[in-house]
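Data first, discussion second: the structure below is written as structure tokens.
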Amino acid sequence: MENNHKNIICFGEMLWDMLPTGKMPGGAPMNVAIHLKNSGNNATIISRVGTDDLGTELIDFVKENGLNTQFIQHGQTHLTGVVKVNMDDKNNVSYKIVKPVAWDYILLENDALEAVKNSDCFVFGSLSARSEQTFETLKKLLVVAPFKVLDINLRPPYYEKETIEFLLNNTDLLKLNHLELDEVSTWFFQSGTIQENLTRLSEQFKIKTICVTLGEDGAMLLHNNEFFKSAGFEVEVVDTIGSGDSFLASFISNFLKNKPVQNALIEACAMGALVATYHGASPLISKEEIQLLISKKLKLSDL
């Protein structure tokens, strides 16, 4: 795995976040794909938009960000996805996700199937399993994907235990936040500490790498039965939209390049923190900004 340009395919929703200040492009798979591209990977998204103005604008946005659009389908029967965002609490943003929309109807296409089969990594979330059509397509892609990353993204009311169980059984690397870890753990075993829950999830679903984000407290990682931890970074939060997506993209990018997992975790936390200092989900963050934030923290810890 020495080649630094990894072929990573993200599957699922691309949409508009309707914010009080106006609309912003969003959807976890698209956000992850953009950050992966910005980290020097070949990132592609499989999704679907409507043949409407919002769909055209989203395609333009994706192109501007250098992403390949060949696997973005266009549907005439359903509108491009939108999400109504409530930002009363900027540290805990809530979402009302409109249904049904175009990305609920992603069809299986042979060229996309081939691309997934030949990829280094396939990233998906639980939201894409909320509709029968897109879930059926996802199931077929999971059969051929060589390395599967689940960004669980639980959004009530669009998930149920059986679906999540299926997805966990088809996962090589799992990312979730501490609230999601608590909830999922109670479904399958007696919930305990974060470490206990991570260990039990790993054993039950044979997932070697599980990462849990802890908000301002950073993140914890279980990898090959070993625990790693990174503290959070103190920043001026503008909004947390896309912070988790950028965290995941940064971690995947370094993980696939065989960087030490502790370093990958610290960098991912720095990336997530920096994205929270901007409006919207996919600001361009440079390597220099990340390293500067990390070195600043190291200097402070020496004082």
Side-chain angles (χ1 to χ4, degrees), residues 10 12-21 23-39 41 43 45 61 65 83 85-95 97 123-127 149-155 173-182 194 210-221 229-255 264-287 289-294 296-297:
C10 300
E13 66 273 14
M14 55 188 293
L15 46 82
W16 289 98
D17 286 323
M18 298 302 188
L19 308 172
T21 50
K23 67 183 195 297
M24 295 283 282
M30 188 180 79
N31 297 339
V32 172
I34 289 170
H35 285 294
L36 283 166
K37 175 75 176 61
N38 291 343
S39 303
N41 301 284
I45 180 165
F61 173 78
N65 280 276
V83 171
V85 182
N86 182 337
M87 294 181 62
D88 291 344
D89 176 358
K90 66 182 177 184
N91 288 306
N92 192 16
V93 179
S94 62
Y95 305 87
I97 306 165
V123 185
F124 61 103
S126 58
L127 202 50
V149 176
L150 170 58
D151 178 14
I152 210 160
N153 248 342
L154 297 182
R155 296 276 184 254
L173 189 160
L174 170 64
K175 179 248 168 192
L176 68 182
N177 65 35
H178 61 291
L179 299 173
E180 291 165 337
L181 177 64
D182 285 346
I194 290 174
I210 307 180
C211 188
V212 57
T213 54
L214 307 169
E216 61 192 23
D217 294 326
M220 188 179 286
L221 176 76
K229 176 100 170 58
S230 169
F233 291 84
E234 271 189 49
V235 293
E236 279 291 320
V237 173
V238 174
D239 73 54
T240 56
I241 297 172
S243 279
D245 302 331
S246 64
F247 170 96
L248 179 62
S250 173
F251 184 78
I252 292 171
S253 188
N254 286 322
F255 183 81
L265 190 64
I266 292 168
E267 249 187 67
C269 284
M271 173 64 119
L274 284 167
V275 167
T277 66
Y278 290 84
H279 280 294
S282 47
L284 182 58
I285 308 286
S286 68
K287 275 268 187 212
E289 276 179 274
I290 294 167
Q291 292 310 325
L292 189 64
L293 188 63
I294 293 170
K296 236 191 241 174
K297 189 174 181 71

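With Asn41 contributing its side chain and Leu36 its backbone, the two residues share a donor-acceptor pair below 3.5 Å. Remark: side-chain polar atoms of Ser126 are paired, donor with acceptor, to backbone N or O of Asn153 under 3.5 angstrom.
At least one side-chain heavy atom of Ile285 sits under 4.5 Å from a side-chain heavy atom of Met271. Taking the side chain as every heavy atom from C-beta outward, Thr213 and Lys175 approach each other to under 4.5 Å. Residues Leu214 and Lys229 are in side-chain contact: their nearest non-hydrogen atoms beyond the backbone lie under 4.5 Å apart. The shortest side-chain heavy-atom distance between Phe247 and Asp151 does not fall under the 4.5 Å cut-off. Considering only heavy atoms from C-beta on, Val275 comes within 4.5 Å of Pro283 through its side chain. Residues Cys10 and Met30 have side chains not in contact (no heavy-atom distance under 4.5 Å, counting atoms from C-beta outward). Counting only heavy atoms from C-beta outward, the side chains of Phe255 and Leu265 never approach each other to under 4.5 Å. Side-chain atoms of Phe233 and Ile266, non-hydrogen and from C-beta on, do get closer than 4.5 Å to each other.
Here the closest non-hydrogen pair linking Leu127 and Glu13 is CD2-OE2, 3.5 Å. Counting all heavy atoms, side chain and backbone alike, Ile194 lies closest to Met220 at CG2-SD, 3.8 Å. The two residues Ile152 and Leu176 make their nearest non-hydrogen contact at CG2-CB, 3.5 Å. Shown here for Leu293 and Ala273, the closest heavy-atom pair between the two residues is CD2-CB, 4.3 Å. Considering all non-hydrogen atoms of both residues, Phe61 and Ser282 come closest at CZ-OG, 3.6 Å. Shortest non-hydrogen contact noted between Ser39 and Ser253 is CB-OG, 3.6 Å.
To the nearest 0.5 angstrom, Ser243 atom OG is 12.0 Å from Asn177 atom CG. Rounded to the nearest 0.5 Å, atoms CG (Leu150) and CG (Leu174) are 5.5 Å apart. For the atom pair OG of Ser246 and CD1 of Ile34, the computed distance is 11.5 Å after rounding to the nearest 0.5 Å. A distance of 9.0 Å separates CD1 of Ile97 from CG of Asp17, quoted to the nearest 0.5 Å. The distance from the NE2 atom of His178 to the CD atom of Glu180 is 9.5 Å, given to the nearest 0.5 Å. In this structure, CG on Asp245 lies 12.5 Å from OG on Ser250, to the nearest 0.5 angstrom.
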Stepwise side-chain contact (heavy atoms from CB on, under 4.5 Å) check, Val149 with Leu248: CA-CA 10 Å; Val149 176; Leu248 179 62; 4.1 Å; yes

Worked check of side-chain contact (heavy atoms from CB on, under 4.5 Å) between Leu181 and Ile210: CA-CA 10 Å; Leu181 177 64; Ile210 307 180; 5.6 Å; no

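Note on residues 268-283: no pairs pass salt bridge (charged side-chain N to carboxylate O under 4.0 Å, His left out), not counting sequence neighbours. Screening residues 265-275 for salt bridge (charged side-chain N to carboxylate O under 4.0 Å, His left out), with sequence neighbours left out, gives Glu267-Lys287.
In the displayed structure, Glu234 atom CD is contacted under 6.0 Å by at most 12 heavy atoms of other residues, nucleotides or ligands.
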